[in-house]
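Inspection log for the structure reproduced underneath, given as structure tokens.
Counting starts at 1 for both ligands and their atoms, in listed order. What you see is a predicted model; the values in this text were computed from it and never measured.
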Amino acid sequence: MKERLFSGIRPTGSLHIGNYLGAVKNWVDLQDKYESFFSVVDLHAITTPFNPKELPSKIKDMFCEILASGVDPEKSTLFVQSHVKEHLELTWILSTLTNFNWLTGMIQFKEKSEQHAENVNLALFSYPTLQTADIALYKAKVVPIGEDQVQHIELARDILRKFNYTYGDVFIEPKELITESKRIMGLDATNKMSKSLNNYIAITDTSEDIFKKLRPAVTDPARIRKTDAGTPEKCNVYTSFHKYFSDEETLKTVQEGCTKATIGCIDCKKLLHKNMDQHLSPIRERYLEIKSKVSYVDEMIDFGREKAQKVASETIKSVKEVIGLW
Ligand code: TYM
């Protein structure tokens, strides 16, 4: 029997290079090894301000982008979180075991409360308990994520350990799986790439748009003139992008050219653009094709819901039994 894996992504806008490299690309690589559950976590997305008119298309677009990236709905279970009501049921039960002080220490809560000071709501505060329920419903052992989510998985372990200690061993303590691309910086080289900071390249951006965004991207500050030598490891274009999109030969050319000042930043970006576009254009094309097949997408959403619901309802049944709610 394969071990179970769970991961989720909020439908807050386009899939960008950051969450693609930090999460979704790994999902594709891992789906053969694990029994995988991937979710478009719309219930998480509504904890920060959103537009109800745009939400349905954002959910579907994210679903299509994940399919286009290579998640296979036959191998994995890909579903929309709010379609499986057990996520909310288990969240309530796990809330009774989530220590208030544990939640006050969450970095993401602090960041989001500052970003959305006008709406610091209860759901934003208890967000990590919902995330724990997501993982626990499928009894997942492995959770592939970017670095910013590690603290939430540590908390998930605490909550589930407390559950098992209190009511008996129902859950598996999950473990995060992070890779080298665990924290992709934005084009500003200062902040993590994110939609809200507008420092991103979307995986469905056109070739021209990608270059328009790359052209002003921040590089090694030492390279003011073309003749100034630089250090690739100090250049975000190299560390966040070239490293993941370029082959060994290009990396060598860029490293040498940068340290010896024989290649300018713009030529380095042109090489990157070519490689990035080569990687992303098949995804972009698949995305447009999938998106145009409206009934296929709806069918896949239903298919995913059915598969997820089956596992989730079994878990909830056993949870209710052990806590005396049956
Ligand atoms: P979200 O939607 O912010 O991001 C989805 C995944 O992408 C990773 N990520 C990044 N990795 C590297 N560099 C970046 N710049 C970058 N930006 C995002 C995130 O770490 C994440 O793995 N709370 C989660 C969603 C969630 C979840 C779960 C994840 C809900 N339930 C259960 C795992 C298990 C979130 O907001 O991710």
Side-chain angles (χ1 to χ4, degrees), residues 4-28 30 34 36-48 50 58-59 62-63 65-66 69 71 79-82 84 87-88 90-91 94 106-109 111-112 115 123-124 126-157 159-160 174-203 236 239-241 243-244 308 312:
R4 291 246 180 94
L5 174 154
F6 183 95
S7 200
I9 187 163
R10 285 172 302 147
T12 44
S14 325
L15 186 58
H16 53 68
I17 302 292
N19 46 28
Y20 172 69
L21 291 177
V24 177
K25 188 167 176 286
N26 292 339
W27 298 0
V28 177
L30 293 165
Y34 295 96
S36 303
F37 294 81
F38 300 119
S39 185
V40 177
V41 290
D42 48 355
L43 295 170
H44 281 95
I46 62 170
T47 59
T48 46
F50 66 99
K58 283 195 169 169
I59 295 168
M62 184 56 81
F63 196 93
E65 283 169 341
I66 297 170
S69 300
V71 167
F79 69 101
V80 178
Q81 184 189 32
S82 68
V84 181
H87 284 255
L88 292 171
L90 186 59
T91 300
L94 295 180
M106 290 295 115
I107 295 163
Q108 189 170 306
F109 173 67
E111 284 173 359
K112 295 259 184 274
Q115 272 170 24
L124 187 62
S126 61
Y127 179 115
T129 311
L130 172 60
Q131 185 158 345
T132 305
D134 296 339
I135 300 163
L137 267 183
Y138 305 93
K139 299 195 175 158
K141 192 165 179 189
V142 175
V143 186
I145 41 160
E147 191 179 55
D148 60 338
Q149 294 300 312
V150 171
Q151 199 188 23
H152 288 170
I153 308 308
E154 286 165 356
L155 181 80
R157 279 197 288 275
I159 298 173
L160 297 177
K175 189 141 180 40
E176 64 276 8
L177 190 73
I178 44 179
T179 58
E180 213 198 330
S181 52
K182 59 185 186 280
R183 185 175 161 87
I184 299 293
M185 299 302 282
L187 296 162
D188 53 9
T190 318
N191 299 291
K192 195 188 70 165
M193 183 174 283
S194 91
K195 177 83 202 241
S196 58
L197 295 171
N198 203 16
N199 61 1
Y200 68 96
I201 291 177
I203 61 151
N236 188 47
T239 55
S240 285
F241 310 124
K243 265 194 177 173
Y244 304 109

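Inclusion of Gly146 in the set of residues having an N or O under 3.5 Å from an N or O of ligand 1 is warranted. Here's the thing with Gln149: one of its N/O atoms is less than 3.5 angstrom from an N/O atom of ligand 1. Between Pro144 and ligand 1, no pair of N/O atoms sits closer than 3.5 Å. The shortest N/O to N/O separation between Ile184 and ligand 1 falls below 3.5 Å. An N or O contact shorter than 3.5 Å is missing between Glu147 and ligand 1 by distance.
Among all non-hydrogen protein atoms, the one lying nearest atom 25 (C) of ligand 1 is Gly8 O, 3.6 Å. Nearest protein neighbour of atom 31 (N) of ligand 1, counting heavy atoms only, is Asp134 OD2, 2.7 Å. If you check which protein heavy atom lies closest to atom 6 (C) of ligand 1, you get Ala23 CB, 3.6 Å. For atom 3 (O) of ligand 1, the closest non-hydrogen atom of the protein is Arg10 NH2, 2.8 Å. Nearest protein neighbour of atom 30 (C) of ligand 1, counting heavy atoms only, is His44 CE1, 3.4 Å. Looking only at protein heavy atoms, the nearest one to atom 10 (C) of ligand 1 is Gly18 O, 3.5 Å. Considering only non-hydrogen protein atoms, atom 23 (N) of ligand 1 sits nearest to Tyr127 OH, 2.7 Å. In terms of protein heavy-atom proximity, atom 12 (C) of ligand 1 is nearest to Lys182 O, 3.2 Å.
Remark: among candidates Leu21, Asn19, Val41, the nearest residue to atom 18 (C) of ligand 1 is Asn19, based on non-hydrogen atoms. For atom 20 (O) of ligand 1, the nearest non-hydrogen atom from the set Ile145, Ile153, Asp148, Val40 belongs to Asp148.
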**OP:** Could you please spell out the steps behind the salt bridge (charged side-chain N to carboxylate O under 4.0 Å, His left out) verdict for Arg157 and Glu176?
**Re:** CA-CA 10 Å; Arg157 279 197 288 275; Glu176 64 276 8; 2.9 Å; yes
**OP:** Report the C-alpha separation of Asn191 and Asn199 in whole Å, then their side-chain angles, then the decisive distance to 0.1 Å, and conclude whether the side chain to side chain contact (heavy atoms under 4.5 Å, CB included) test is met.
**Re:** CA-CA 8 Å; Asn191 299 291; Asn199 61 1; 3.9 Å; yes
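Pro174 has its side chain within reach of Leu160: a pair of non-hydrogen atoms, C-beta onward, lies under 4.5 Å apart.
Across Trp27, Phe6, Tyr138, Phe79, a single residue satisfies ring pair (Phe, Tyr, Trp, His ring centres under 6.0 Å) together with Phe37, and that is Tyr138.
No side-chain donor from either of Gln108 and Asp148 sits under 3.5 Å from a side-chain acceptor of the other.
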